[in-house]
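Everything on this sheet refers to the single structure shown next.
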Amino acid sequence: MRLATWNVNSLRSRIGRVEAFLERHDIDVLALQETKAREDQLPLMGLQSLGYEVAAAGYHQWNGVAIISRVGLEDVQIGFEEMPGFGDPLTAEARAIGATCAGVRVWSLYVPNGRKVEDPHYAYKLDWLARLRAAALDWREGPTALVGDWNIAPLDEDVFDMAQFKTSTHVTPPERAAFQAFLDDGYVDVVRPHTPGPDVYTYWDYYRQRYERNRGLRIDFVLGSAPFASRVTGAFIDRDERAGTGASDHAPVVVDLAD
DNA sequence: ATGGTGGTCGCACCA
């Protein structure tokens with residue numbers, strides 16, 4: 001089974017690239033983030049004609065997660081809808097959707113950005129991660145993958161220039177500790193062993209020619225439970241998908257799983 | 001600085 005995760009930054013504006021990506025890499029299951037599409041806006045026709053089922057949740061302008069699968073899509077569950085303390089019901093967002101695809105539990109995650117360290121969204125990000133961790137403890141026995149945009153660069157090597165992030169989110173010790181906690185619980189970064197060398201970025205900002213100059217971040221991850229990780233036979237970052245006009249600011253991450 | 005979205009076709013908000 002071939003599983004991928006991709007922050008598409010609008011499914012509607014990217015549908016052509018999404019379909020081309022699915023065909024180019026023969027993807028079985030694709031977890032999407034930042035779909036920016038209501039359920040009634042999802043361009044299902046193209047994906048369905050390619051043989052995929054779609055499950056989507058959570059939409060408020062920039063949010064929304066989805067899983068599309070051609071190997072079954074069962075027990076769909078939406079998680080982490082609340083954004084406590086933010087009052088406006090429009091900010092109640094679904095940042096996680098889970099589904100079982102061919103026996104593998106896949107969670108498409110869009111971890112809160114956090115904005116700035118002093119912003120309430122930063123505390124919300126850490127709280128959200130703590131709640132996800134608590135829930136994920138119970139998911140470790142089976143083959144489970146926590147995939148998506150974690151909005152955390154866990155290591156200095158995941159950042160093009162640490163000096164530029166001295167006062168930024170994504171690299172603070174509490175965020176990195178929150179990420180490390182999943183590893184401590186037995187989840188494994190299944191991609192890094194298959195992407196040797198320094199070219200590990202998954203995200204390049206749109207401006208300042210960050211992609212052309214390869215000044216990016218590694219913030220998109222596939223963390224697998226032990227039963228999942230033991231089945232991984234390969235992985236890669238499709239960095240070429242970031243090239244050209246009409247690209248998302250994130251590249252897809254692809255993982256191969258033995259049957 | 002760039003790009004997507006919404007609610008209007010210029011601009012605020014978000015990444």
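All chains are named by letter (A, B, ...) in the order of the sequence lines, taking the proteins before the strands, and each is independently numbered beginning at 1.
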For dT2(B) and dG7(B), measure between their P atoms and round to the nearest Å.
25 Å

Taken to the nearest whole Å, CD1/I15(A) to P/dG4(B) is 15 Å

So the ring-ring contact (aromatic ring centres under 6.0 Å, His included) pairs with at least one residue in residues 237-256 of chain A (sequence neighbours excluded) are Y203(A)-H250(A)

dG4(B) phosphate, OP1 or OP2, under 4.0 Å from R14(A) side-chain N/O
yes

T172(A): partners by side-chain hydrogen bond (donor to acceptor under 3.5 Å, both in side chains), with sequence neighbours left out
Y122(A), E175(A)

Who passes side-chain hydrogen bond (donor to acceptor under 3.5 Å, both in side chains) against R17(A), sequence neighbours left out?
E241(A)

What interatomic distance, in whole Å, is found between P of dC14(B) and the corresponding atom of dG10(B)?
23 Å

For F236(A), check ring-ring contact (aromatic ring centres under 6.0 Å, His included) against everything at least two apart and list the hits.
H25(A)

For the pair made of CZ in R17(A) and P in dG3(B), what is the distance, rounded to whole Å?
12 Å

Counterpart residues, ring-ring contact (aromatic ring centres under 6.0 Å, His included), relative to F179(A) (two or more places apart)
W150(A), F221(A)

Can you tell me how far C1' in dA12(B) sits from the matching atom in dT8(B), rounded to whole Å?
12 Å

Parsed dot-bracket for DNA chain B after applying the Watson-Crick and G-U rules with both distances under 3.5 Å and | for other-strand partners is .(((((....)))))

Restricting to side-chain hydrogen bond (donor to acceptor under 3.5 Å, both in side chains), what partner residues turn up for R231(A), sequence neighbours left out?
none

Of D249(A) and S10(A), whose nearest nucleotide on DNA chain B comes first from the 5' end?
S10(A)

Can you tell me how far P of dG3(B) sits from CG of N7(A), to the nearest Å?
16 Å

Measure the distance from OH on Y203(A) to P on dA15(B) and round it to the nearest whole Å.
11 Å

DNA chain B-proximal residues of residues 205-223 of chain A, any heavy atom under 4.0 Å:
Y206(A), Y207(A), R208(A)

Protein-nucleotide distance (N113(A), atom CG; dC14(B), atom P), rounded to Å:
11 Å

Separation of dC13(B) P from E34(A) CD (nearest whole Å)
18 Å

Side-chain N or O of R12(A) less than 4.0 angstrom from OP1 or OP2 on dG4(B)?
no

When you check the gap from the basic side-chain N to the acidic O, do K166(A) and D161(A) get nearer than 4.0 Å?
no

Rounded to whole Å, how long is the line connecting atom CD of Q41(A) with atom P of dG7(B)?
11 Å

Identify, with sequence neighbours excluded, every residue that meets side-chain hydrogen bond (donor to acceptor under 3.5 Å, both in side chains) alongside S13(A).
S10(A)

Which whole-number value in Å describes the distance from D149(A) CG to dC14(B) P?
17 Å

D238(A) and R24(A) ion-paired at < 4.0 Å
yes

Heavy-atom nearest nucleotide on DNA chain B for S13(A) versus H250(A): which residue maps closer to 5'?
S13(A)

